[in-house]
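Below: the structure, in structure tokens.
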Amino acid sequence: MKLVFEKTREGRGSVLLPPLDVPETELKACFKREKELHLEALPETDISRHYTELADRVYGVNNGFYPLGSCTMKYNPKVNDEVAGFSGFTDIHPLQPDYTVQGALKVLSEAEEYLGEITGMEHFTFQPAAGAHGEFTGLKLIKAYHEKQGDIKRNKIIVPDSAHGTNPASAAMAGFEVINIPSNEKGLVDVAALKRAVGEDTAGFMLTNPNTLGLFDENILEITRVVHEAGGLNYYDGANLNAIMGIARPGDMGFDVMHLNLHKTFSTPHGGGGPGSGPVGCKEILAPFLPLPRVKKDGGNYILSDEGEDSIGRVRGFYGNFLVVVRALTYILTLGGDGLKLTSQNAVLNANYLMEGLKDTYPVPFAGPCMHEFVISLEELKKETGVSALDMAKALLDYGVHPPTMYFPLIVHEAFMLEPTETESKENLDRVIAIYKELYEEARKNPEDIKNSPKKTVIGRPDEVMAARNPVIRYEFPSA
Amino acid sequence: MKLVFEKTREGRGSVLLPPLDVPETELKACFKREKELHLEALPETDISRHYTELADRVYGVNNGFYPLGSCTMKYNPKVNDEVAGFSGFTDIHPLQPDYTVQGALKVLSEAEEYLGEITGMEHFTFQPAAGAHGEFTGLKLIKAYHEKQGDIKRNKIIVPDSAHGTNPASAAMAGFEVINIPSNEKGLVDVAALKRAVGEDTAGFMLTNPNTLGLFDENILEITRVVHEAGGLNYYDGANLNAIMGIARPGDMGFDVMHLNLHKTFSTPHGGGGPGSGPVGCKEILAPFLPLPRVKKDGGNYILSDEGEDSIGRVRGFYGNFLVVVRALTYILTLGGDGLKLTSQNAVLNANYLMEGLKDTYPVPFAGPCMHEFVISLEELKKETGVSALDMAKALLDYGVHPPTMYFPLIVHEAFMLEPTETESKENLDRVIAIYKELYEEARKNPEDIKNSPKKTVIGRPDEVMAARNPVIRYEFPSA
Amino acid sequence: MGTYVPGTGEEQKELLKSLGVAGMEELFVTIPKEVRLNGPLKIPDGVSELQVRKKMAGTAGENRVFPSLFRGCGAYRHYIPSIVKQVAAKEEFMTAYTPYQAEISQGTLQAIFEFQTMICDLTGLNAANASVYDGCTAAAEAVIMCRERKRNKVLLSGALNPQIIETVKTYMAGTGTEIIVVPAADGVTDKTELKRLLDEKTACFLIQQPNHYGLLEDYEELGKLTKEAGAKYVMSCNPILLGILKTPGEYGADIAVGEGQSLGLSLSYGGPYLGFMAAVSELMRKLPGRIAGQTLDTRGEKAYVLTLQAREQHIRREKAASSICSNEALCALTASVYMSVMGKEGLRQAATLSMSKAHYLAEKLCGLEGFSMAYEGDYVNEFTTVYKGNTEKLLRGLEDYGILGGLPLKGEDRGKIIWCATELNSKEEIDELIDRIKEVQTHEAGI
Amino acid sequence: MGTYVPGTGEEQKELLKSLGVAGMEELFVTIPKEVRLNGPLKIPDGVSELQVRKKMAGTAGENRVFPSLFRGCGAYRHYIPSIVKQVAAKEEFMTAYTPYQAEISQGTLQAIFEFQTMICDLTGLNAANASVYDGCTAAAEAVIMCRERKRNKVLLSGALNPQIIETVKTYMAGTGTEIIVVPAADGVTDKTELKRLLDEKTACFLIQQPNHYGLLEDYEELGKLTKEAGAKYVMSCNPILLGILKTPGEYGADIAVGEGQSLGLSLSYGGPYLGFMAAVSELMRKLPGRIAGQTLDTRGEKAYVLTLQAREQHIRREKAASSICSNEALCALTASVYMSVMGKEGLRQAATLSMSKAHYLAEKLCGLEGFSMAYEGDYVNEFTTVYKGNTEKLLRGLEDYGILGGLPLKGEDRGKIIWCATELNSKEEIDELIDRIKEVQTHEAGI
């Protein structure tokens with residue numbers, strides 16, 4: 001379809017703003033833009049149609065099954081959006097005096113309290129705008145902590161090889177050196193390797209748990225103890241918290257700091273890439289280092305406090321993605337403690353049911369009851385038929401379901417990582433199992449067909465190499 | 001796709017309402033429903049997906065060109081919807097005291113004033129919920145008028161054969177006998193035939209102007225005079241008002257009463273069939289008969305007045321489709337007098353441009369500059385190729401544009417009635433002209449192909465005869 | 001001046017030029033000079049979107065939204081789940097026309113088919129249409145369905161909502177149909193009177209469940225009497241309460257109608273609302289308006305179309321069952337979403353909560369000085385009290401506290417108030433109402 | 001308790017049974033007993049949708065929305081056209097993830113590609129990304145882009161929004177980069193100081209247009225100085241004002257960043273907002289985060305994909321340009337719709353209106369007792385005054401009239417107020433502000 005720029009011409013547009021009602025001020029010539037803007041307004045009819053056409057070319061959770069492993073694409077409740085649209089939340093300026101935004105501060109304070117209870121952490125900051133931003137912030141806390149102790153040689157963060165790519169990247173951004181350690185044959189942290197890796201230079205250890213294979217690390221307490229004994233701190237990547245709410249808490253497992261993804265576990269929409277929200281929780285020992293300002297209670301009132309000389313400072317403007325927090329709080333209040341537990345139970349139940357339905361067809365390399373997600377391997381299929389995980393993913397598109405996360409974790413070849421979430425019904429899961437089985441047969445019978453998929457989508461497979469080699473990342477306006 | 005009933009099972013659903021906080025009242029057994037309801041709740045995920053799937057199977061103005069003649073499918077501005085969503089409009093009870101709903105009464109009062117100015121009528125009622133309802137109401141006014149004069153023999157309404165089907169139907173509903181008169185060779189009212197038809201039994205004459213051929217009746221003043229001289233009243237079907245706002249007024253042409261379609265001329269969305277709004281305007285002589293209550297001014301305040309012993313009574317509960325009036329008023333205030341005129345000018349300009357672009361390929365039986373719409377005939381094409389207007393309409397579906405009104409007016413064979421409206425750009429019209437031309441060539445080259453269309457739609461042509469012969473108009477739940 | 005015309009200025013000129021026309025005026029040559037407007041319309045100059053939104057926000061602000069509301073009588077403030085509004089706002093549903101082209105309108109058509117099914121399920125009848133204008137016109141259309149050549153007398157219960165009576169009267173005036181209101185006694189239809197009035201000329205008897213005063217009538221017996229006279233039995237029902245009340249189908253009604261506003265539509269000062277209609281299968285072809293039906297397409301797949309169009313105005317013209325063309329499709333869709341979200345359990349819960357709150361409210365009210373129940377019968381979500389004090393002052397006093405009390409009646413019913421409760425009225429709110437009434441009473445006594 | 005789990009009760013049992021598992025507990029056997037929670041979470045019991053909406057409406061009601069607002073400093077209340085909100089609320093855009101599967105994500109990808117193009121057009125640069133968290137982190141990411149092995153000194157203008165300075169400092173702390181704030185004099189960067197601080201170790205100099213105090217600086221000269229030292233020139237810009245102001249491209253900047261909130265996003269107490277970044281083509285591969293690129297598909301048709309992923313964390317892990325993964329995609333889409341609706345004329349109008357209103361406001365303010373301009377330089381939509389009276393009392397007084405005045409500064413800037421005006425501040429509103437200030441002053445004097 002055409003770009004928005006190709007759909008209009010000069011002089012179009014709507015009358016949105018009123019005429020000037022005060023004397024006009026002329027900008028001095030030296031400050032004036034000389035290069036003419038190209039952006040032309042579209043009439044409303046055409047805007048409406050353009051974005052309707054674009055929306056038709058997007059697949060969201062409301063379009064169907066979306067088992068993108070580790071992304072927790074659960075249903076996004078409408079009441080959360082409605083609440084986040086209340087004028088009392090959308091029309092307040094971030095620099096209003098505290099006494100005029102008691103509701104907003106209450107939102108942040110209540111969210112902090114409940115997330116603390118869910119995770120076993122004692123303090124939370126909502127400044128981080130996404131998961132990776134949370135990691136970065138949490139690692140900065142670890143850094144500040146060691147520095148405050150005068151322990152300046154601790155400059156290494158240990159990361160298992162099954163970790164999300166953001167973990168090592170955030171550690172590097174925060175000024176650490178990254179030490180990768182391999183997984184053991186069960187897909188868990190190799191405790192012996194961890195023991196070898198820790199030492200006087202260990203600043204901390206980052207763990208995603210349940211990990212990206214959907215496994216809860218049975219040695220969790222030993223792991224965190226090893227790190228603590230070496231003088232390091234434990235960081236919990238909460239991306240997969242959807243498996244354990246109300247069942248176990250990172251704070252009780254020996255973790256000192258963690259982030260959550262409100263746009264995963266707490267049902268806020270991901271918006272095709274964001275906004276997310278990556279609040280960071282920590283134990284008391286790290287509290288002095290949290291970003292400022294923080295919400296405090298002063299008698300019966302909430303205040304934003306700027307006090308804290310040891311703070312790492314600010315990691316974003318203002319207080320984070322506030323409306324995302326509003327949605328998450330609405331979600332928590334709706335479900336309550338029991339509802340959150342039921343959520344995790346069903347997330348795990350659905351994952352196990354789906355795994356059980358698929359495992360006879362698709363090998364599950366690391367078996368056992370899984371948590372909220374699991375990994376299947378298409379390696380055998382590829383050897384037999386030449387059909388890769390990528391081909392299978394593309395073939396799934398023609399069935400109208402979203403493919404799983406592919407080729408991750410790296411320790412499984414031709415991996416498909418599936419996370420159905422708790423909001424899918426049994427019928428939906430049964431339908432998906434049937435599709436996967438049918439597709440498997442198809443792949444064996446007509447591998448070439450699968451390799452040529454997708455066929456029903458609005459575009460065929462795009463040439464990614466061409467895109468990267470000769471990047472065209474903006475439209476060039478025709479010169480006048 | 002499956003019906004909503006086929007997508008769920010017992011015990012599903014959301015927790016929407018709070019638990020009982022007062023003592024429970026038990027309904028007496030004799031009043032209790034015995035037959036169990038079948039309606040099962042769906043979980044939100046599935047509701048969201050079900051209606052997304054349904055929405056994907058609907059074509060609205062926001063999806064593309066929609067030249068449905070006489071339906072004026074113009075763009076529906078979003079600001080109107082936003083305004084109609086203000087809590088001050090949506091959350092007020094229709095039986096609140098007048099002094100608590102001054103804003104609502106102001107909306108009705110201002111809309112009455114401006115519509116009066118646009119049409120040349122002196123009073124308006126907003127009770128009618130749609131165009132046909134307006135016709136019915138207007139005809140009741142005519143009836144009441146004659147009865148008040150003691151002129152009880154006037155029981156006939158004269159209607160040209162080019163009229164919308166609602167005209168004769170509404171006249172019959174209002175208790176009149178309908179006299180049809182033919183059009184002349186120009187497609188206009190045959191004045192001689194009208195003169196023959198009028199008499200002592202003439203209650204009134206109904207005219208759609210510009211008519212369904214898109215022609216403004218050049219004899220309009222003579223027509224209304226003939227009717228008046230015979231003692232009848234003139235009714236103006238305002239469905240096609242989009243052609244003449246700010247250019248000419250029914251009130252100045254000798255019409256006594258008329259209705260408007262706010263969902264056509266005044267840009268309110270049609271909702272896939274409704275809600276519409278069909279306010280009725282009339283001259284002073286008919287005012288005593290208008291439905292009650294009416295909005296009046298009492299000093300600086302608005303009041304709902306129930307006074308008027310000659311009123312025809314009530315044609316609907318409360319005051320009509322209020323939120324539709326809110327949207328229409330917003331539209332009028334946005335455009336202002338000049339904007340309304342520009343709207344009509346461009347509606348006519350676009351229609352003429354489209355007609356000009358098509359006329360060499362598709363014969364225009366009644367030529368001359370058209371108003372807001374025009375009719376082309378596919379009779380020749382059918383003779384030559386066997387391809388009917390219906391076939392061509394279905395073929396258009398595969399091009400992603402909505403077909404025009406078909407087989408209407410009845411006086412043109414294999415008719416296509418096109419009304420592009422003012423909200424289409426030149427490029428859109430050029431694209432449509434190209435499609436129509438291409439389609440014409442296709443029809444001559446591969447008539448069978450056209451007869452087998454549509455091919456790209458989610459269903460093929462449905463069997464309407466089967467539907468009518470053996471009507472299945474509800475889903476039968478499987479017995480438990 | 002705002003505009004939705006894409007190309008003004010240069011583009012207009014281009015189009016005019018390509019038509020070989022000098023100016024806009026030339027396009028209107030067929031309009032006789034005598035009727036052409038000379039000056040501009042006397043309507044304020046158009047404004048920008050910002051300004052119009054500001055102005056209309058001001059107008060909306062001139063209405064008072066009552067946080068606490070105990071008024072019904074045909075319009076009810078029930079809880080509207082978030083997803084209902086969200087789905088009904090989808091542009092595709094909003095901006096489509098009547099589904100004339102079935103192939104690109106399956107969404108609308110299936111939604112109507114689903115709505116029809118839900119209405120049948122609620123009412124216990126087998127044939128429903130796609131909606132009519134509102135509850136009052138639904139009643140009038142039902143009466144029209146019942147008219148036969150030899151039966152031109154229509155009986156209306158005197159305990160109907162007065163707006164229904166008025167609308168039916170207007171619809172039938174001048175059609176040679178006699179409308180008789182059967183008087184009410186003790187808040188319900190007088191059976192003896194009904195018996196007296198029913199005869200072989202009676203086309204139908206129309207009654208309301210629960211009635212205007214909130215009371216449940218003896219629908220069984222009234223239906224029997226009506227059928228014995230060979231007349232049609234028509235019931236006007238509250239759709240949410242049909243979740244718990246015996247259905248028109250069970251009462252042997254021929255037609256059920258009602259106002260569907262409670263099913264997910266906001267109060268909106270009276271509209272858009274939703275008239276629903278259902279009938280026994282034998283009357284299917286007498287139903288007015290649109291009906292969606294199931295069929296097969298050329299590929300042999302299930303498909304939906306507008307059907308039984310031979311009843312309709314565009315085919316039958318003056319012989320049509322009704323002139324209705326546009327109906328309340330989007331409201332019907334909204335109601336469908338509402339029913340899908342609520343399900344039978346949700347409807348039952350809404351009905352039961354409303355009933356229990358109404359009874360709690362009645363009990364508390366009748367514990368107050370000057371209040372008593374007007375009638376003895378059974379009621380559900382609405383009931384009528386008699387108040388010995390000044391009802392107008394009482395209600396005005398409550399308004400100052402942000403409470404809209406029940407509806408005060410006029411004329412011979414003066415002093416009576418019809419109260420309503422729904423699931424939105426919490427116990428706290430009801431208790432506050434009671435406290436406020438006491439305050440108002442004290443205050444009044446003090447002056 | 002609310003829940004979004006479709007099948008509780010019976011269905012859960014079915015699933016458990018088919019897994020051969022006795023109860024939920026068995027699914028969690030891999031979790032060591034020692035870390036399993038024994039009791040329930042101490043979180044209030046879940047509630048129905050009706051209740052949660054009511055509670056949250058109450059919380060929202062505890063915030064004060066000021067009808068009249070003259071505060072900016074990084075968050076601006078501009079007019080948001082109706083269609084912008086309506087498009088951004090489309091479920092498909094809302095509920096999708098990052099477009100990993102290009103074939104079913106062309107809508108998102110094309111929208112990003114269009115956004116990138118618009119940002120390039122606005123800034124006069126040639127390479128933009130899909131967005132970062134906000135304006136402050138955009139500045140920090142730009143600084144990271146500029147770091148080179150031999151250039152580890154970063155200069156920040158002292159007239160930057162303090163939040164930008166703080167964020168950059170946090171980002172760079174412990175990375176071996178030296179951050180130096182170039183002091184401001186008379187509200188603008190001290191050129192002499194800058195010249196003194198620039199050297200062969202300087203990676204970049206970051207400046208704001210207009211700056212924190214609302215002033216326009218000598219961007220030409222500052223850029224020249226920076227480039228002469230071989231450092232990168234980074235500008236943080238107000239995107240609406242770029243409709244009229246000379247662009248970073250024209251000033252020879254290497255990178256332009258900014259806060260995109262003004263482009264159709266509500267104030268929302270600070271988020272979600274939108275960080276945008278653009279750079280000269282040579283720096284394209286140093287941009288952090290997602291970038292959409294154009295390519296061809298197997299059918300030879302144009303298609304869009306996420307590209308240049310070799311920069312990103314999921315490929316390069318610890319060697320990535322940044323760890324950013326989720327960005328502010330929906331905000332970028334909102335901004336795109338805003339720019340499509342406004343077009344260049346609309347942006348220019350918004351900028352010009354804001355500027356003219358700000359100047360009118362400044363003139364009126366300075367006509368009042370005790371007010372004077374803090375600085376002499378040129379300004380656009382924001383400016384700083386000095387007030388001799390008690391700023392706190394003044395602003396509190398205005399709040400009582402529903403007016404949020406400018407931002408009072410603290411510390412050594414105490415007594416200064418930064419004011420802002422946009423097209424939403426009508427002349428009437430400004431005049432009212434002035435009158436109210438007089439009233440507050442009179443009142444204060446009286447006591």
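Letters A, B, ... mirror the listed sequences (proteins, then strands); counts begin at 1. Computation of the quantities below employed the complete heavy-atom set of this structure, encompassing side-chain atoms and omitting hydrogens, waters and symmetry-equivalent molecules.
Glu44(A) places no side-chain N or O within donor-acceptor distance of the main-chain N or O of Ile83(D), the cut-off being under 3.5 Å. Remark: side-chain polar atoms of Asp121(D) are paired, donor with acceptor, to backbone N or O of His38(A) under 3.5 angstrom. The main-chain N or O of Leu95(A) is found under 3.5 Å from a side-chain atom of Arg71(D) such that the two form a donor-acceptor pair. Using a distance-only test at 3.5 Å, with no hydrogens or angles considered, no donor-acceptor pair links the side chain of Lys394(A) to the main chain of Glu103(D). A distance-only check finds a donor-acceptor pair linking the side chain of Glu117(A) to the backbone of Lys42(D) [under 3.5 Å]. A donor-acceptor pair under 3.5 Å is formed between the side chain of Glu250(D) and the backbone N or O of Glu34(A). At least one donor-acceptor pair under 3.5 Å links the side chain of Thr295(D) to the backbone N or O of Asp463(A). Between the side chain of Asn63(D) and the main chain of Gly88(A), a donor-acceptor pair closer than 3.5 Å is present. Between the side chain of Thr170(D) and the backbone N or O of Ile312(A) there is at least one donor-acceptor pair closer than 3.5 Å. Looking at Thr117(D), its side chain does come within 3.5 Å of a backbone N or O of Tyr475(A) through a donor-acceptor pair.
Heavy-atom pairs under 4.5 Å with chain D were tallied for Val326(A), Ile244(A), Thr343(A), Leu221(A); the largest tally goes to Leu221(A). Of the residues considered (Ile244(D), Ile291(D), Thr108(D), Val87(D)), Ile244(D) shows the highest number of contacts with chain A, using heavy-atom pairs under 4.5 Å. Comparing Lys90(D), Arg36(D), Met339(D), Gln309(D) by how many heavy-atom pairs each has under 4.5 Å with chain A, the most go to Lys90(D). The most heavy-atom pairs under 4.5 Å with chain D, out of Glu356(A), Met245(A), Met371(A), come from Met371(A). The choice from His270(A), Met73(A), Glu135(A) that makes the most heavy-atom pairs within less than 4.5 Å of chain D is His270(A). Counting heavy-atom pairs closer than 4.5 Å to chain A, the top residue among Ala292(D), Gly74(D), Gly243(D), Gly107(D) is Gly107(D).
For Ala104(A), the parts sitting under 4.5 Å from any heavy atom of chain D are the backbone and the side chain alike. Heavy atoms closer than 4.5 Å to chain A are found in both the backbone and the side chain of Thr298(D). Looking at Phe86(A), the atoms closer than 4.5 Å to chain D (heavy atoms on both sides) all sit in the side chain, from C-beta outward. Both the backbone and the side chain of Asp252(A) have a heavy atom closer than 4.5 Å to some heavy atom of chain D. Heavy atoms closer than 4.5 Å to chain A are found in the side chain of Thr137(D), but not in its backbone.
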**Message:** side-chain contact (heavy atoms from CB on, under 4.5 Å), that's the test. Do Gln345(A) and Val5(D) meet it? Break it down for me.
**Reply:** CA-CA 10 Å; Gln345(A) 287 178 329; Val5(D) 170; over 6 Å; no

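Gly317(A) approaches Gln163(D) most closely through the heavy-atom pair CA-OE1, 3.0 Å. Taking every heavy atom of both residues into account, Leu17(A) and Leu353(D) meet most closely at CB-CD1, 3.8 Å. When all heavy atoms of Pro97(A) and Glu399(D) are compared, the pair lying nearest together is CG-OE2, 3.4 Å. Scanning both residues, Leu308(D) and Pro471(A), for their nearest heavy atoms gives CD2-CG, 3.9 Å. Considering every non-hydrogen atom in both Ser323(D) and Ser170(A), the closest pair reads OG-OG, 2.9 Å. Looking at every heavy atom in both residues, Ile459(A) comes nearest to Ala102(D) through CD1-O, 4.1 Å.
The aromatic rings of Tyr51(A) and Phe93(D) sit perpendicular, their planes meeting at an angle over 60°, well past the 30° parallel limit.
Residues satisfying the ring pair (Phe, Tyr, Trp, His ring centres under 6.0 Å) test with Tyr304(D), not counting sequence neighbours, are Phe113(D).
How far CG of Asp45(D) is from CG of Asp338(A): 6.0 Å, rounded to the nearest 0.5 Å.
With respect to Asp91(A) and Arg77(D), no salt bridge is recorded, no charged nitrogen being found less than 4.0 Å from a carboxylate O.
Side-chain polar atoms of Asn76(A) and Glu91(D) form no donor-acceptor pair below 3.5 angstrom.
Checked against the 6.0 Å centroid criterion, the rings of Phe136(A) and Tyr171(D) qualify as a close aromatic pair.
The neighbour count for Lys169(D) NZ, taken as heavy atoms of other residues, nucleotides or ligands under 6.0 Å away, does not exceed 12.
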